[in-house]
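Chain identifiers are assigned alphabetically (A, B, ...) following the order of the sequence lines, protein sequences preceding nucleic acid strands; residue numbering begins at 1 within each chain. These figures come from a predicted structure and were not determined experimentally.
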Protein chains: 2
Amino acid sequence: MGLRERKKEKTRLAIIDAALDLFLEQGYDSTTVEQIAGAVDVSPRTFFRYFTSKDHLALWFHDHGEEIILETLADRPRDEPPFTALMHALRAVLTDVECSTGEDAERFLKLRRLLDANPHLIGRSVARGAQTERRLAEVIAARRGVDPDKDQLTHLIVAFAMSTMRVGFECPRRDGTVAEIVTRMAESIDLAERSLRPGWDL
Amino acid sequence: MGLRERKKEKTRLAIIDAALDLFLEQGYDSTTVEQIAGAVDVSPRTFFRYFTSKDHLALWFHDHGEEIILETLADRPRDEPPFTALMHALRAVLTDVECSTGEDAERFLKLRRLLDANPHLIGRSVARGAQTERRLAEVIAARRGVDPDKDQLTHLIVAFAMSTMRVGFECPRRDGTVAEIVTRMAESIDLAERSLRPGWDL
DNA sequence: AACTATTCTGTCATAGTGTGCCATAAGTCA
DNA sequence: TGACTTATGGCACACTATGACAGAATAGTT
């Protein structure tokens with residue numbers, strides 16, 4: 001990796017960190033892009049080259065999570081029931097979070113606090129999740145050999161899976177270490193699996 | 001109802017109709033508030049007095065739907081399982097849509113076409129749904145006698161219910177009469193009820 | 001009908017997000 | 001070093017959204 005790319009990654013993380021701190025300090029809405037850019041000595045114009053929007057910045061972790069889910073899904077056996085495969089993908093995300101280094105863990109916790117304090121941001125987060133949902137619907141439809149535009153069950157499977165992830169992340173609203181939060185998210189996955197009729201997703 | 005209120009309602013509907021037509025004609029993003037306001041001979045400033053944002057306009061039906069759901073929920077017997085109660089509430093929304101008059105039905109169909117053409121708007125719609133979800137979580141938590149901030153199952157019940165509604169509305173992506181769409185949404189509700197283990201939501 | 005209070009509306013000013021364009025600076029490779 | 005590629009900054013601009021104030025329309029009262 002060349003100097004250029006390392007520098008970019010450094011700037012990217014610097015922007016995220018500065019933004020998270022400002023958001024938590026003075027609120028999401030009352031923090032301007034100008035302030036964030038100023039905090040890391042970068043022009044506002046450059047900010048928008050790293051993140052397409054302020055929302056995108058606050059939800060950057062979705063990009064990573066989606067990647068893991070899609071990769072895991074591609075590796076799951078073709079004949080595995082789709083919801084089961086999705087739950088495996090979610091657990092892969094948990095594992096990734098669990099193994100995050102000190103700084104990454106810090107960001108994860110800050111982000112959680114941020115979403116907790118700004119219900120409005122949860123809306124944005126869910127909206128981003130809808131994007132992931134569409135992509136997952138394509139994949140699951142292909143696995144099941146159905147037309148994604150016509151098969152309701154496919155969409156229901158994906159929607160339930162995303163709901164499971166979201167509930168695990170948002171609730172219960174209690175602070176804790178990364179390990180504790182991951183445990184709760186795993187509980188949510190178990191809960192969902194227990195709640196559904198065996199074979200419902202075939 | 002006085003002249004003043006009738007006039008307001010007329011303007012409100014005129015704005016919605018003009019906006020829907022412009023959105024479908026030239027796209028959501030490339031339609032400005034100025035254009036919408038101009039089409040109904042109203043100042044842009046007044047537009048924002050009727051709708052807090054362009055998104056709010058595009059998702060005005062959520063307000064009505066949420067109202068119906070909350071009302072229906074309040075009327076359901078206390079000892080009814082929560083998910084069952086929520087499904088009844090969703091069916092109440094369907095009944096309302098089904099009974100809508102010619103003009104309202106027109107708006108409903110236009111809106112559906114709009115969401116179909118702008119996946120980005122679906123994100124906004126889901127974000128608005130998250131707001132409803134929070135309110136429903138409060139109600140369901142009260143019914144179940146648990147703390148909404150701590151009980152995962154409560155949130156899972158609500159999230160699954162909202163997913164059911166959304167899947168029914170968005171999929172399959174096929175045009176049709178209001179009656180046809182309502183039928184599909186009812187199918188989605190049936191599908192969800194069949195997919196869950198009896199007693200999972202107690 | 002006239003008078004007053006209330007509410008709605010338009011105009012103006014302003015903050016903030018997001019984008020296109022072009023010149024410049026920095027990193028890359030021969 | 002020199003030529004090439006890519007990131008950055010600065011500028012102008014369009015759009016959404018809000019606050020403040022003045023004037024118009026409506027409602028209620030006498």
Side-chain angles (χ1 to χ4, degrees), chain A residues 1-16 18-20 22-23 25-60 62-63 114 118-121 123-125 127-128 131, chain B residues 1-16 18-20 22-23 25-60 62-63 114 118-121 123-125 127-128 131:
Chain A
M1 212 208 273
L3 167 62
R4 188 172 252 162
E5 287 190 45
R6 266 179 291 136
K7 217 172 175 179
K8 270 185 80 171
E9 187 60 14
K10 215 173 112 186
T11 313
R12 212 180 66 89
L13 291 176
I15 293 178
I16 290 175
L20 280 177
L22 284 169
F23 289 160
E25 204 177 302
Q26 55 185 25
Y28 179 77
D29 286 325
S30 30
T31 302
T32 68
V33 170
E34 202 179 350
Q35 284 179 302
I36 300 169
V40 284
D41 262 310
V42 154
S43 79
R45 188 66 189 84
T46 296
F47 172 94
F48 286 108
R49 287 198 178 96
Y50 280 88
F51 300 97
T52 56
S53 65
K54 221 170 92 174
D55 286 353
H56 181 207
L57 161 65
L59 306 173
W60 92 97
H62 272 276
D63 296 349
L114 182 64
N118 299 61
H120 144 265
L121 256 184
R124 309 302 180 98
S125 172
R128 175 64 180 82
Q131 196 180 314
Chain B
M1 214 208 269
L3 167 62
R4 193 169 248 160
E5 288 189 45
R6 267 179 290 135
K7 219 171 174 178
K8 270 185 80 174
E9 187 61 13
K10 216 174 114 187
T11 312
R12 212 181 64 90
L13 290 176
I15 293 177
I16 290 175
L20 280 177
L22 283 169
F23 289 160
E25 204 177 302
Q26 55 186 27
Y28 180 77
D29 285 326
S30 31
T31 302
T32 68
V33 171
E34 203 179 348
Q35 284 179 302
I36 300 169
V40 283
D41 263 310
V42 153
S43 81
R45 187 68 186 84
T46 295
F47 172 94
F48 287 106
R49 289 197 178 98
Y50 281 87
F51 300 97
T52 57
S53 65
K54 219 169 94 173
D55 286 353
H56 182 207
L57 161 65
L59 306 174
W60 92 98
H62 273 274
D63 297 349
L114 182 64
N118 299 59
H120 145 264
L121 256 184
R124 308 302 181 96
S125 173
R128 174 65 180 81
Q131 196 180 314

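Taking atom CD of E34(B) as the reference point, atom C1' of dG10(C) lies 14 Å away to the nearest angstrom. Following rounding to the nearest Å, M1(B) (CE) and dT26(D) (P) show an atom-to-atom distance of 16 Å. The interatomic distance linking L57(B) (CG) with dT16(D) (P) rounds to 11 Å, in whole Å. When rounded to the nearest whole Å, the span between NE2 of H56(B) and P of dT16(D) equals 17 Å. Between the C1' atom of dA7(D) and the CD atom of E9(A) lies a distance of 15 Å, rounded to the nearest Å. Taking atom CZ of R6(B) as the reference point, atom P of dC8(C) lies 15 Å away to the nearest angstrom. R4(A) places its CZ atom 7 Å from the C1' atom of dA26(C), with the value rounded to the nearest Å. In this structure, D29(B) places its CG atom 17 Å from P of dA14(D), rounding to the nearest Å.
Considering only side-chain N and O atoms, K7(B) lies nowhere under 4.0 angstrom from the phosphate OP1 or OP2 of dA25(D). Contact between the side-chain N/O atoms of K8(B) and the OP1/OP2 oxygens of dC8(C) is found at a separation under 4.0 Å.
Near-neighbour residues of DNA chain D inside residues 40-55 of chain B, defined by a heavy atom below 4.0 Å, number-ordered: R45(B), F48(B), R49(B), T52(B), S53(B), K54(B).
Formation of a donor-acceptor pair under 3.5 Å by the T31(A) side chain with backbone atoms of G27(A) is found in this model. For the pair T46(A) (side chain) and V42(A) (backbone), a donor-acceptor distance under 3.5 Å is absent. Here the side chain of Y28(A) pairs a donor or acceptor atom with the backbone of D55(A) at under 3.5 angstrom. At distances below 3.5 Å, at least one donor-acceptor pair connects side-chain atoms of T11(B) with backbone N or O atoms of K7(B).
Here T31(B) lies in heavy-atom contact (under 4.0 Å) with sugar-phosphate atoms only.
Mapping T32(B) and L3(B) onto DNA chain D via the closest heavy atom, the residue that lands nearer the 5' end is T32(B).
Side-chain contact check for K54(B) versus T32(B): every heavy-atom pair is 4.5 Å or farther apart. Proximity of R45(A) to R49(A): side-chain heavy atoms (C-beta onward) are separated by under 4.5 Å at one or more points. Residues L57(A) and F47(A) are in side-chain contact: their nearest non-hydrogen atoms beyond the backbone lie under 4.5 Å apart.
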